[in-house]
Number of protein chains: 2
Amino acid sequence: MKMRQLTIRLLQVYAEVIRSGSVSATARRLHLTQPTVSQQLRRLREIVGEPIVESEAGRILPTEVGQALYQLSQDLLSRADAFGQYLDAYREGERGHFSIALVNTAQYVLPRLLGPFSQAYPDVDVTVEIGNRQQLLHRFERHEDDLYVFSHPPDDDAVLAAPFLSNPLVVVAPRRSPWVDAGQLTMETLKSERFLLREPGSATRHLFDGWLQSRGIQLDSTLQIASNEAIRVAVGSGMGLAVLSRHVLTEAQTDTVILPVEGFPLRSHWQFIVRRERHLPPAAQRFLTFAQSVLAREFEEAEGEAAIAELLARIS
Amino acid sequence: MKMRQLTIRLLQVYAEVIRSGSVSATARRLHLTQPTVSQQLRRLREIVGEPIVESEAGRILPTEVGQALYQLSQDLLSRADAFGQYLDAYREGERGHFSIALVNTAQYVLPRLLGPFSQAYPDVDVTVEIGNRQQLLHRFERHEDDLYVFSHPPDDDAVLAAPFLSNPLVVVAPRRSPWVDAGQLTMETLKSERFLLREPGSATRHLFDGWLQSRGIQLDSTLQIASNEAIRVAVGSGMGLAVLSRHVLTEAQTDTVILPVEGFPLRSHWQFIVRRERHLPPAAQRFLTFAQSVLAREFEEAEGEAAIAELLARIS
DNA sequence: ACCCAATATAGATAATTATCTATGTAGGCG
DNA sequence: CGCCTACATAGATAATTATCTATATTGGGT
């Protein structure tokens with residue numbers, strides 16, 4: 001059997017001939033001429049090397065080999081078809097996979113996008129990577145992920161960025177701190193307090209350091225802690241002050257207070273970052289589209305929605 | 001997806017690329033040049049409409065879609081392969097189907113060929129039709145079966161016949177008949193006895209009638225019974241004499257005796273009959289080949305073996 | 001015996017495919 | 001930095017395929 005020349009097309013035609021029991025009917029249905037179908041049948045017979053049909057009482061019937069061939073055709077066609085459907089779903093982003101890498105801070109908001117997304121698209125498989133800015137930059141260098149969330153884009157002109165959600169950094173104090181209810185403050189006033197800070201690789205730290213530097217302020221006493229959550233708890237228990245994303249604090253937490261410090265909150269944004277040249281998996285695009293609608297509806301972040309729209313436009 | 005242009009060949013090449021992770025290695029293995037494989041890959045990508053491979057660290061790896069495509073390829077290839085194996089078995093006659101139509105008398109010997117055959121080729125499905133000569137001729141006219149067993153071939157020059165086993169017709173009498181032990185007899189002597197005969201459509205009857213006519217003998221008293229078995233039993237119980245195939249009588253039957261009548265046994269043969277133009281299913285050919293060896297080994301019928309050999313030679 | 005519909009065959013042609021050689025390009029390794 | 005090796009692209013060509021129109025054949029029904 002000259003299997004290599006077997007085509008899906010040939011099997012489609014054959015299956016139709018067997019189903020209809022007629023060459024002419026097949027030709028009509030497939031918008032071909034009758035001789036074309038006859039010849040396809042002949043070619044198929046040559047490929048198989050045995051008679052596959054015989055005509056009996058005006059109908060075309062498969063021979064024994066023909067019946068096996070028909071089964072084969074049904075089998076192959078249905079599988080090819082299933083693949084076609086998979087492809088469609090993949091293209092629509094309704095199925096498939098993408099990976100997204102988040103800076104630590106974003107852990108507090110991204111679930112509010114990813115959760116509903118997974119609900120809505122259960123066949124999309126999302127890999128979430130979490131790390132500090134440094135780690136993420138490393139991954140970014142190596143093209144390891146489809147999508148990144150930074151609060152400050154990498155310094156690479158091949159990136160497209162969409163600031164989708166504001167990420168205000170606030171000064172946090174224990175509830176019993178003397179600064180609570182002391183009215184408007186300045187950082188100058190607070191600089192001798194102990195500050196609990198993230199490690200230098202972190203975006204929060206980076207932004208705060210830059211701000212301090214621009215003001216020419218030097219903190220007297222700092223303590224480095226690698227986790228936002230740990231910092232929040234430490235502040236709550238009176239270990240010092242901290243600068244944290246407001247999203248790290250939830251309303252239920254009554255052991256910490258946000259201090260009104262001049263210049264604060266520091267403005268920053270979470271941004272979706274993609275490489276300009278990267279072919280985004282449809283599922284990732286679908287996620288971005290989904291994020292747009294959630295942001296508009298639940299976060300009232302029209303700017304974020306617009307930023308994503310622009311990013312999507314630049315990709316395609 | 002332009003499914004219609006998908007070929008088995010393309011999938012073979014693709015599968016090999018994925019397995020080896022290398023275009024060049026695939027080219028070597030399939031005795032192609034490297035550019036050929038590259039182009040096949042491209043064509044496949046065009047058919048699918050999405051990137052299917054990406055190169056990473058020197059290896060060619062499938063994309064997500066590529067993985068699904070690889071699964072598809074394995075699926076389709078293994079099924080096509082299974083069909084190929086089926087075809088091979090079919091061609092060897094080790095699998096498949098054929099039909100054989102027997103005259104009644106042959107019922108007594110054919111099981112001795114068909115039984116061992118089915119044992120040896122359990123995947124061959126045999127349809128056995130049984131009828132009298134008339135009924136079989138009717139089936140023969142309509143090309144209903146692949147193989148026929150007659151004791152006298154139909155009068156049609158499109159047939160090939162292989163007399164494979166002698167079928168002597170003998171005169172049978174009840175054990176207590178006065179003719180037993182009366183020495184050599186003639187039909188003339190016996191003609192006033194009652195003869196139990198098959199119906200006129202039967203070959204046995206036909207042959208006997210012809211013989212009587214050639215001798216100018218007319219029987220005085222006959223009784224028509226449609227079954228050989230019934231005739232044998234009737235003779236055993238003293239209802240009269242009969243002319244039967246010797247194969248109808250088994251050694252264990254002691255209530256009947258073969259009379260030595262001049263001119264008997266009438267010589268006749270069971271013959272395999274096929275239409276010259278009919279394309280015999282491989283399974284039927286396999287059966288004939290099998291019958292050859294059984295006849296030689298168990299029936300000591302060298303002539304039958306030769307006759308089948310000749311018939312097989314004329315077919316192919 | 002004749003006619004009709006269904007098939008098969010022939011012949012033609014444009015498109016596609018399979019395959020090559022030659023050449024360009026790019027990622028790794030010393 | 002330059003040299004391999006692997007891969008991609010280009011260009012060429014012979015073979016194959018898909019498809020048509022026109023015509024022959026055939027197998028039933030009336």
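Chain naming here is simple, since letters A, B, ... match the order of the sequence lines and numbering starts at 1 in each.
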Mapping A:R4 and A:R28 onto DNA chain C by nearest heavy atom, which one lands closer to the 5' end?
A:R28
Flag if over 12 foreign heavy atoms under 6.0 Å of CZ, B:R139
yes
Would you kindly check whether a donor in the side chain of A:Q40 faces an acceptor in the base of D:dA18, or vice versa, at under 3.5 angstrom?
no
Looking at A:Q39 and C:dA8, is any side-chain donor or acceptor paired with a base atom of the opposite kind under 3.5 Å?
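Counting by modelled atom types and ignoring angles, no donor-acceptor contact under 3.5 Å is found here.
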Taking the side chain of [X] as heavy atoms from C-beta outward, which of [options] is closest to it?
| X | options | value |
| --- | --- | --- |
| B:R9 | D:dC7, D:dA8, C:dT19 | C:dT19 |
| A:Q5 | C:dT9, D:dC7, D:dT16 | D:dT16 |
| A:T33 | C:dA6, D:dT9, D:dT21 | D:dT21 |
| B:L10 | C:dA18, D:dT9, C:dT9 | C:dA18 |

Return the value, rounded to whole Å, for the distance between atom CD of B:Q34 and atom P of C:dC20.
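Rounding to the nearest Å, CD of B:Q34 and P of C:dC20 are 11 Å apart.
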Phosphate OP1/OP2 of C:dT9 contacted by A:S38 side-chain N/O (<4.0 Å)
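For A:S38, the contact criterion (side-chain N or O under 4.0 Å from OP1 or OP2 of C:dT9) is not met.
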Please tell me if A:T36 has a side-chain N or O lying less than 4.0 Å from either OP1 or OP2 of D:dA18.
no
Please work out if B:S55 contacts a base, only the sugar-phosphate, or nothing of the nucleic acid, heavy-atom cut-off 4.0 Å.
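B:S55: no heavy atom of the nucleic acid under 4.0 Å.
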Name the nucleic acid region contacted by B:L41, choosing base, sugar-phosphate or nothing; use a 4.0 angstrom heavy-atom cut-off, strictly under.
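Contact class for B:L41: none.
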Whether A:F140 and A:F150 hold their rings parallel, tilted or perpendicular, with breakpoints at 30° and 60°:
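Plane angle over 60°, so perpendicular.
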Mind checking whether A:F290 and A:F117 have parallel, tilted or perpendicular rings, split at 30° and 60°?
perpendicular
Most 5' of B:V23 and A:R43 on DNA chain D, judged by nearest nucleotide
B:V23
Is there a side-chain contact (heavy atoms from CB on, under 4.5 Å) between B:Q107 and B:N104 once you walk through the steps?
CA-CA 6 Å; B:Q107 271 183 86; B:N104 282 292; 3.5 Å; yes
